[in-house]
Amino acid sequence: MRGEYKVPGGKLVAVDVEAEDGRLTQAFVSGDFFLEPDEALEDINGALLGMPTTSSVAELAQAIEQRLSPETQMIGFNPEAVGIAVRRSLGHATDWSDHTFDVIGPVTMDPRMHVALDEVMAAELARGEINPSLRIWDWDQPLVVIGSFQSYKNEIDDEGRERHGINVVRRITGGGAMFMEPGNCVTYSLIAPVSLVEGLSFERSYEFLDQWVMGALKELGVNARYIPLNDIASDKGKIAGAAQRRVTGGVVVHHVTMAYDIDADKMLEVLRIGREKMSDKGTRSANKRVDPLRSQTQLPRDQILSSFLAHFESLYETKRRGYSDEELARAKELVETKFSSEEWTKRIP
């Protein structure tokens, strides 16, 4: 049985194992990493022998750490990476190649529908009714989407919101507020089984799930990097923020919003917290915009969306589809009963 794990920003780790009576009887670690001294590889293999096949990534990593001498240098990988590869070899964790992803391109609709579709499709995946999916948001009206745990009154200036005719919805994932007007952002949701990030900390899972988009940005000439916990930035500043939630049924909902061409002045009139975050960045003067994707790529937004989808499809097994009538009906019901309600939107006043 073989498992592989590519460390974000690092090297590939592969593990071939055999097991009997619930314990590892053979383990051979390989990869394009660097390891000093050379003999330490035997210690890593030896540390895995006899470990229960139910061992967690943390338990496997601990066994390796206890076996290695303090002078050992693991370059491009670490004990956790070996543990993840072992878990994958045993079928407890999955890789991108183990799944076929549905890809749904941009469909313009009420932005609250997109918030609801995250919940609808996560439930469908948990029930085994659909494949994991990548979908692009597109919307027909302005909206502020606040994180699941944010305070409404701390985030939103109601006077500014009403003046600009912008509604607010609370999403199911954590993180910060998204200021969304038609055409000003690039937003996508990735809905996948938790097995894909099994053994990864929340911090590492953010970067892992966005590896593909880092490659897509590179193709567009943007030298992007991940800044823990959940920001994507280039040498010219922040490009995007991610949010994530692991929901009942073994599903992770992960989404990213990238600034394409945002009216910063309007945003600062609507978002209270935005004023504090941006007050030291010289963006409060008139007519300022937040436009890293537009300015750094010099491309129209539609072309960026097409490039992102093409890059994802070049990496993984995918199939294109649209939203089903049932998905849209369920999402519409959730918009009416939950995401448009004061009780949900202001559940944290």
Side-chain angles (χ1 to χ4, degrees), residues 3-15 29 31 33 35 44 47-48 51-68 72-99 118 122 125-126 132 134 147-150 171-176 188-215 224-233 238-257:
E4 296 182 349
Y5 174 64
K6 172 66 169 63
V7 179
K11 299 298 183 177
L12 177 71
V13 179
V15 181
V29 177
F33 50 76
L35 180 65
I44 294 174
L48 297 173
M51 291 293 292
T53 55
T54 55
S55 297
S56 66
V57 170
E59 290 168 339
L60 293 164
Q62 183 179 33
I64 293 169
E65 290 169 353
Q66 291 176 343
R67 186 70 171 260
L68 295 176
T72 301
Q73 296 185 59
M74 304 177 73
I75 304 166
F77 77 125
N78 54 30
E80 180 188 64
V82 177
I84 293 170
V86 170
R87 293 280 293 177
R88 287 183 174 177
S89 71
L90 296 169
H92 299 309
T94 58
D95 191 11
W96 295 94
S97 61
D98 295 317
H99 305 283
D118 275 347
L125 180 59
L134 172 74
S148 181
F149 308 107
Q150 289 187 297
R171 63 179 183 266
I172 64 172
T173 59
Y188 64 82
S189 291
L190 183 66
I191 301 172
V194 169
S195 61
L196 189 61
V197 293
E198 202 276 341
L200 295 176
S201 66
F202 270 95
E203 178 176 330
R204 295 200 181 194
S205 70
Y206 275 91
E207 184 175 5
F208 176 75
L209 291 177
D210 285 330
Q211 278 182 294
W212 71 271
V213 86
M214 305 300 280
R225 65 186 184 279
Y226 225 88
I227 300 178
L229 172 68
N230 61 331
D231 287 346
I232 298 173
K238 181 176 175 177
I239 297 173
Q244 191 180 111
R245 181 181 173 187
R246 303 185 188 190
V247 300
T248 303
V251 173
V252 58
V253 177
H254 177 92
H255 60 76
V256 170
T257 292

- Any chance you could measure Leu229, atom CG, to Tyr206, atom OH, to the nearest 0.5 Å? 5.5 Å
- Message: Using every non-hydrogen atom in the two residues, find where Ala122 and Val251 come nearest and quote the distance to one decimal.
- Response: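 Closest approach of Ala122 to Val251: O-CG2, 3.7 Å.
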- List the steps and the verdict of side-chain contact (heavy atoms from CB on, under 4.5 Å) for Arg246 and Ser205. CA-CA 11 Å; Arg246 303 185 188 190; Ser205 70; 3.1 Å; yes
- Task: Using the test side-chain contact (heavy atoms from CB on, under 4.5 Å), find all partners of His92 that sit at least two apart in sequence or belong to another chain.
- Result: Arg87, Leu90
- Ignoring hydrogens and geometry, is there a side-chain-to-backbone donor-acceptor pair from Arg88 to Gly91 under 3.5 Å? no
- Query: Given side chains that start at C-beta, do those of His99 and Ser195 come closer than 4.5 Å, heavy atoms only?
  - Reply: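 Side-chain contact under 4.5 Å: yes.
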- Note on the structure: Heavy-atom nearest pair, Ala224 first then Ile239, reads CB-CD1, 4.4 Å
- Message: Could you walk me through whether Gln244 and Leu209 satisfy the side-chain contact (heavy atoms from CB on, under 4.5 Å) test, starting with their C-alpha distance in whole Å, then the side-chain angles of each, then the deciding distance to 0.1 Å, before giving a yes or no?
- Response: CA-CA 10 Å; Gln244 191 180 111; Leu209 291 177; 3.8 Å; yes
Enumerate, atom names and distances included, each donor-acceptor pair closer than 3.5 Å involving a side-chain atom of residues 72-83, sequence neighbours excluded.
residue: Thr72; atom: OG1; partner: Ser69; partner atom: O; Å: 3.1
residue: Thr72; atom: OG1; partner: Ser69; partner atom: OG; Å: 3.2
residue: Asn78; atom: OD1; partner: Glu80; partner atom: N; Å: 3.2
residue: Asn78; atom: OD1; partner: Ala81; partner atom: N; Å: 2.8
residue: Glu80; atom: OE1; partner: Arg204; partner atom: NE; Å: 3.3
residue: Glu80; atom: OE1; partner: Arg204; partner atom: NH1; Å: 2.5

- What closest approach, in Å, do Trp96 and Leu196 show between heavy atoms, and which atom pair accounts for it?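 For Trp96 versus Leu196, the nearest heavy atoms are N-CD1, 3.5 Å.
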- Query: Between Leu12 and Glu4, is any pair of side-chain heavy atoms under 4.5 Å apart?
  - Reply: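 SC-SC contact between Leu12 and Glu4 confirmed.
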- Query: Considering all heavy atoms of both residues, which atom of Pro8 and which atom of Gln211 are nearest to each other, and what is their separation?
  - Reply: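 Distance-wise, the nearest heavy atoms are CA-NE2, 3.5 Å.
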- Message: Using every non-hydrogen atom in the two residues, find where Ala240 and Val256 come nearest and quote the distance to one decimal.
- Response: CB-CG1, 3.8 Å
- Message: Between Asp210 and Tyr188, is there a side-chain donor-acceptor contact under 3.5 Å, judged purely by atom types and distance?
- Response: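 Distance-only check passes for Tyr188 and Asp210.
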- Item | Shortest non-hydrogen contact from Ala192 toward Pro132 |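 Taking every non-hydrogen atom into account, CA-CB, 4.1 Å.
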- Could you tell me the separation between the NE2 atom of His255 and the CD1 atom of Ile172, rounded to the nearest 0.5 Å? 7.5 Å
- When rounded to the nearest 0.5 angstrom, what is the spacing between CD1 in Ile84 and OG in Ser89? 12.0 Å
- Message: Going by side-chain contact (heavy atoms from CB on, under 4.5 Å), Thr173 matches just one of Val252, Val253, Asp118. Which one?
- Response: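 Checked Val252, Val253, Asp118 against Thr173; only one passes side-chain contact (heavy atoms from CB on, under 4.5 Å): Val253.
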- Query: Can you tell me how far CG of Leu134 sits from CG of Leu190, rounded to the nearest 0.5 angstrom?
  - Reply: 6.0 Å
- Could you walk me through whether Glu198 and Val57 pass side-chain contact (heavy atoms from CB on, under 4.5 Å), step by step? CA-CA 8 Å; Glu198 202 276 341; Val57 170; 4.0 Å; yes
- How long is the gap from CD1 on Ile232 to OG1 on Thr257, to the nearest 0.5 Å?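 Those atoms lie 10.5 Å apart.
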- Task: Report the distance from atom CG of Asp231 to atom OH of Tyr226, rounding to the nearest 0.5 Å.
- Result: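 The CG atom of Asp231 sits 8.0 Å away from the OH atom of Tyr226.
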